[in-house]
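Down below is the structure, laid out as structure tokens.
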Amino acid sequence: NAGVTQTPKFQVLKTGQSMTLQCAQDMNHNSMYWYRQDPGMGLRLIYYSASEGTTDKGEVPNGYNVSRLNKREFSLRLESAAPSQTSVYFCASSESGYQETQYFGPGTRLLVL
Amino acid sequence: AQSVAQPEDQVNVAEGNPLTVKCTYSVSGNPYLFWYVQYPNRGLQFLLKYITGDNLVKGSYGFEAEFNKSQTSFHLKKPSALVSDSALYFCAVRDDRGSGYALNFGKGTSLLVTP
């Protein structure tokens, strides 16, 4: 039981390049999330998927797109990377419900030059 | 919207002393509150949560948190700190804006436990 896995662990991009961050969970959770973590700002929600086949914008969605490929996988795409997207990206999953715990992946550290 | 605040950027404690990491919340309706810990270059690990019931919640690694409705606080505590407790701690509250049960996080508090 690996929990939530993310690839890659670290990536360097040049401004304007594109990339996809991969996330998978093996806990059969309905809900999945992408957050970004910036120093002094906590974690902010980029996109979420409440269930397979649905995706919605969070607090900071500009410059990103997502795909809920199936129940296990939820990817985050940067179409044209900008230096402002330099951050640590975390994927998380949970069962549906206010009382349910979210479980986080190890993160992807992204540097955009 | 539901929100939490962590008033301290850093907390310094000597090993063996009790520690407290503060969190206050602002919610409409029932608060669903969580504490997570992040070690360097790692993901967030769940410590404990308050859903309903007892105001004292016990969690992983000897941590506990006290829910105080009158003071709208949910402080994280440990009776005797360890050097290995040094990490970044996040308080979070469940969002109620239809965001698929996402969490709203505080800015984090860095805990440093010195030998």
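Below, read A as the first sequence line, B as the second, and so on, with proteins coming before strands; counting in each chain starts at 1.
By the 6.0 Å contact criterion, CG on Asp54(B) is open, its count of non-hydrogen atoms from other residues, nucleotides or ligands being 12 or less. Within 6.0 Å of CZ in Arg42(B) there are 12 or fewer heavy atoms belonging to other residues, nucleotides or ligands. Atom NZ of Lys78(B) has more than 12 neighbouring heavy atoms from other residues, nucleotides or ligands inside a 6.0 Å radius. Around NZ of Lys71(A), the count of heavy atoms belonging to other residues, nucleotides or ligands within 6.0 Å exceeds 12.
Ranked by heavy-atom pairs shorter than 4.5 Å toward chain B, the options Arg109(A), Gln37(A), Lys57(A) are led by Gln37(A). For the options Tyr33(A), Tyr103(A), Tyr98(A), Phe104(A), heavy-atom pairs under 4.5 Å to chain B are most numerous at Tyr98(A). Interface remark: of the candidates Ser96(A), Gly107(A), Ala50(A), Ser96(A) forms the most heavy-atom pairs closer than 4.5 Å to chain B. With chain B as partner, the option from Pro39(A), Ser49(A), Gly58(A), Gly42(A) having the largest number of non-hydrogen pairs under 4.5 angstrom is Gly42(A).
When hydrophobic clusters are built by joining Ile, Leu, Val, Met, Phe, Trp and Tyr residues whose side-chain heavy atoms come closer than 4.5 Å, directly or via intermediates, Leu111(B) is not grouped with Phe46(B). There is no path of hydrophobic side-chain contacts, each under 4.5 Å, that joins Leu88(B) to Leu47(B). Cluster membership for Phe90(A) and Met19(A), using ILVMFWY side-chain heavy atoms within less than 4.5 angstrom, is not shared. Linking ILVMFWY side-chain heavy atoms closer than 4.5 Å, directly or via other members, places Phe105(B) and Trp34(A) in two distinct hydrophobic clusters.
The part of Ile51(B) that comes within reach of chain A is its side chain, from C-beta onward, which places non-hydrogen atoms under 4.5 angstrom from that chain. Residue contact with chain A, scored on non-hydrogen atoms closer than 4.5 Å, is absent for Gln6(B). Contacts of Leu43(A) with chain B are made by both backbone and side-chain atoms, with heavy-atom separations under 4.5 Å. With a 4.5 angstrom heavy-atom cutoff, Tyr36(B) touches chain A only via side-chain atoms.
The side-chain heavy atoms of Asp95(B) and Glu59(A), taken from C-beta on, include no pair separated by under 4.5 Å.
Of all non-hydrogen atoms in Thr101(A) and Phe34(B), the two that sit nearest each other are CA-CE2, 4.1 Å.
With rounding to the nearest 0.5 angstrom, the CG atom of Asn41(B) is 11.0 Å from the NZ atom of Lys9(A). Here Lys49(B) contributes atom NZ and Gln102(A) contributes atom CD; the two are 11.0 Å apart, rounded to the nearest 0.5 Å.
Residues passing the side chain to side chain donor-acceptor pair (under 3.5 Å) test with Ser75(A): none are found, sequence neighbours excluded.
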Inset, instruction - With side-chain contact (heavy atoms from CB on, under 4.5 Å) as the test, would you mind laying out the steps for Tyr101(B) and Tyr48(A) before giving the verdict? - result: CA-CA 9 Å; Tyr101(B) 310 105; Tyr48(A) 67 95; over 6 Å; no
